[in-house]
Chemist: 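If you scroll down you'll find the structure; I have some questions about it.
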There are 2 protein chains.
Amino acid sequence: MPDFSIGVDLGGTNLRIAAVSGEGELLEKLTFGSQGAPSRDQVIDQMCEAIQLLSGKYKPAGKFLGAGIGIPGIVDLQTGMLRKSANLPGWEEYPVRAEIERRLGARVVLENDANVAALGEQWLGAARGIENMAVVTLGTGIGGGIVLGGKIWHGMNGMAGEFGHVTIERDGHPCGCGSRGCAEQYASASAIVRMAREAIASGDAPSLAKAASSDAAFSAELIYKLAIQGDEHARRIFCSFGRALGVLLAGMVNVLNLEMFVLGGGVSTAWDAYAPDMFEELRERSLVYAATAPPDPLRNGALEKKGASPHTANRRERTTTITRALLGSDAGLYGAARGAMLAG
Amino acid sequence: MPDFSIGVDLGGTNLRIAAVSGEGELLEKLTFGSQGAPSRDQVIDQMCEAIQLLSGKYKPAGKFLGAGIGIPGIVDLQTGMLRKSANLPGWEEYPVRAEIERRLGARVVLENDANVAALGEQWLGAARGIENMAVVTLGTGIGGGIVLGGKIWHGMNGMAGEFGHVTIERDGHPCGCGSRGCAEQYASASAIVRMAREAIASGDAPSLAKAASSDAAFSAELIYKLAIQGDEHARRIFCSFGRALGVLLAGMVNVLNLEMFVLGGGVSTAWDAYAPDMFEELRERSLVYAATAPPDPLRNGALEKKGASPHTANRRERTTTITRALLGSDAGLYGAARGAMLAG
């Protein structure tokens, strides 16, 4: 029986805890909803009990390699505290790691959720076998994680990979972070909805106005559906999204020169609608990308479906591959488990 | 007598070659001017002869650890060729490294000049003792080098650290690289001169117009002199430069979360004129910087003059230090020598 670790994904809506073998096999997964809006202490209770349950269950059969927790927000590695977390009110400036370690009587690894997602995709997903890569998570906002030499690049105190707050429009929209024109104001689910509402307000997009009025949950997903059905206004929004993402990625390719950038998060699945513009912007904006672009970059996003291995081709030709994540919401869970293994 | 390596700095105007001991002491330096505009082959002749001369001279006393060459342009590490070099016409698509290795009968390390400057500052300059740092070189354009774990971070094929071509103004000035709004269009010596000429053309800057008409070499240096003499138009140009540099650095701090960013190159010495605006922009634009800024960031730039060690303070407090380079034009020479030692 295999050695194993436990990964925890503490999302905005769910708490998921999994025992994962050293070879990357899922042994067991527990999912807790957030009904009743559990308090911080209740969530920590639930988490610690589940970790103890799973570790106790699989310990007789293999060595327990530790627990890793992915958490939405900026984690200060020194203190094990959250610097900033929009989705977990009441968690900031609270000694999260210390408290969990106290309850479990063991060391735990506390990581930003985008960092563990990056590690997950590198370990078992789109970037399997690629040592140096980054994940850009396109959700409500933009998260990011960088993996160098097969390990999370934390930077000085765990704050590296904040792609969402790189300026792409200098005098652009104000951002919750205090800056203006951050990437996540242009290439996230919230940005898509905002752009659609702006188009509606301008009176130029009757089809979007109709959709918005007939659907209370006017979401990025709905706008994507309109886009793939050929709605011109919806399509334009995804083109704009792709352009903005291209500006961000061009800068990151110029600075990091990584083999692969993996696009994860809910909105990344709208690939068909945004990828052509994204690649056009990348070619125009990044001399490094232009010099290393694969012959058919759009196809990289679909390579996995054809059974080919994107990184084998990549290795041979030394191209900059920009592709979609493969593990979906499990990336963070696997990555958290992997983080515990690497730390152990 | 010490083991040594040879560093070469192939600049736009000079060719400099130095034997440097493993402890970072200069043993001997040779400088060749570019009078008569020597051809590529003449430069390579000169370089190889000087390397052989110096290595022959110091070999009896210590082990020769190799030669490293810093070269302006994007070096493809796989092929040892220049992808792009504005300052060395005729060198592109020529097998530089292979040719030098053939002539010397030994392996040499060929690096981008900003990369070796970063390594030099990390080894013996402003970032001594700091494992993870970057240098942003503010010259005619903007160059950059990243050092992680005490080694140059090359990225996939040696193109990492292209800070100058990160977009900071999305619909901004066209850049030679094919993009628009690149950082080097706003925070370089060329940008300063362009901004001054724009101010003159608008008729709003009589003092600059006067200076330009009386000095054939209307340079960033002259504009800096006017700025420190209190000329309002010149001052404003450096404020704008500082803002632009702040936007660039804010993005890099958010992504890389490095302990130190060192500003090198000719224009970096105008610190007093641009640094206050740069730091203001950084605080506004980077949540990571805001969380890790030292209490008195402006002072970091002058710490070396007071005999204090910037990195001791930095280590203790885990701050993001942004400071000036210490080695001037020797950074690349020492860094090239260091690169050869690390490769050996």
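The chains referred to below are lettered A, B, ... by the order of the sequence lines, with proteins before strands, and numbering in each begins at 1.
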Chemist: What part of B:Ile146 gets closer than 4.5 Å to chain A, counting heavy atoms only: side chain, backbone, both or neither?
Modeler: side chain

Chemist: Counting only heavy atoms closer than 4.5 Å, note whether B:Ile74 contacts chain A via side chain, backbone, both or neither.
Modeler: side chain

Chemist: Minimum heavy-atom separation for A:Val166 and B:Gly251, please, with both atom names.
Modeler: CG2-O, 4.0 Å

Chemist: Closest approach of A:Arg170 and B:Val247, non-hydrogen atoms and distance?
Modeler: NE-CG2, 3.7 Å

Chemist: Chain A heavy atoms under 4.5 Å from B:Ala250: which part of the residue, side chain, backbone, both or neither?
Modeler: neither

Chemist: Would a distance-only check, ignoring hydrogens and angles, find a side-chain to backbone donor-acceptor pair under 3.5 Å from B:Asn257 to A:Met156?
Modeler: yes

Chemist: Are B:Val255 and A:Trp153 side-chain neighbours, meaning at least one heavy-atom pair lies under 4.5 Å?
Modeler: no

Chemist: Pick one of side chain, backbone, both or neither for B:Arg243, based on which atoms fall under 4.5 Å of a heavy atom in chain A.
Modeler: both

Chemist: Could you tell me whether the side chain of A:Ile168 reaches within less than 4.5 Å of the side chain of B:Thr167, counting heavy atoms only?
Modeler: no

Chemist: Testing the basics here: between B:Arg180 and A:Arg285, what is the closest heavy-atom pair and its distance to 0.1 Å?
Modeler: O-NH1, 2.8 Å

Chemist: So which part of A:Ala183 gets closer than 4.5 Å to some heavy atom of chain B, the side chain, the backbone, both or neither?
Modeler: neither

Chemist: Give, for atom CG of A:Leu256 and atom CD of B:Glu162, the distance between the pair rounded to the nearest 0.5 Å.
Modeler: 12.5 Å

Chemist: Non-hydrogen atoms of chain A under 4.5 Å away: do they reach the side chain of B:Ala290, the backbone, both or neither?
Modeler: neither

Chemist: At a heavy-atom separation under 4.5 Å, does A:Leu248 approach chain B through its side chain, its backbone, both, or neither?
Modeler: neither

Chemist: With rounding to the nearest 0.5 Å, note down the distance linking SG in B:Cys182 to CG in A:Asn254.
Modeler: 7.5 Å

Chemist: What is the distance from atom OG1 of A:Thr320 to atom CE of B:Met159, rounded to the nearest 0.5 Å?
Modeler: 8.0 Å

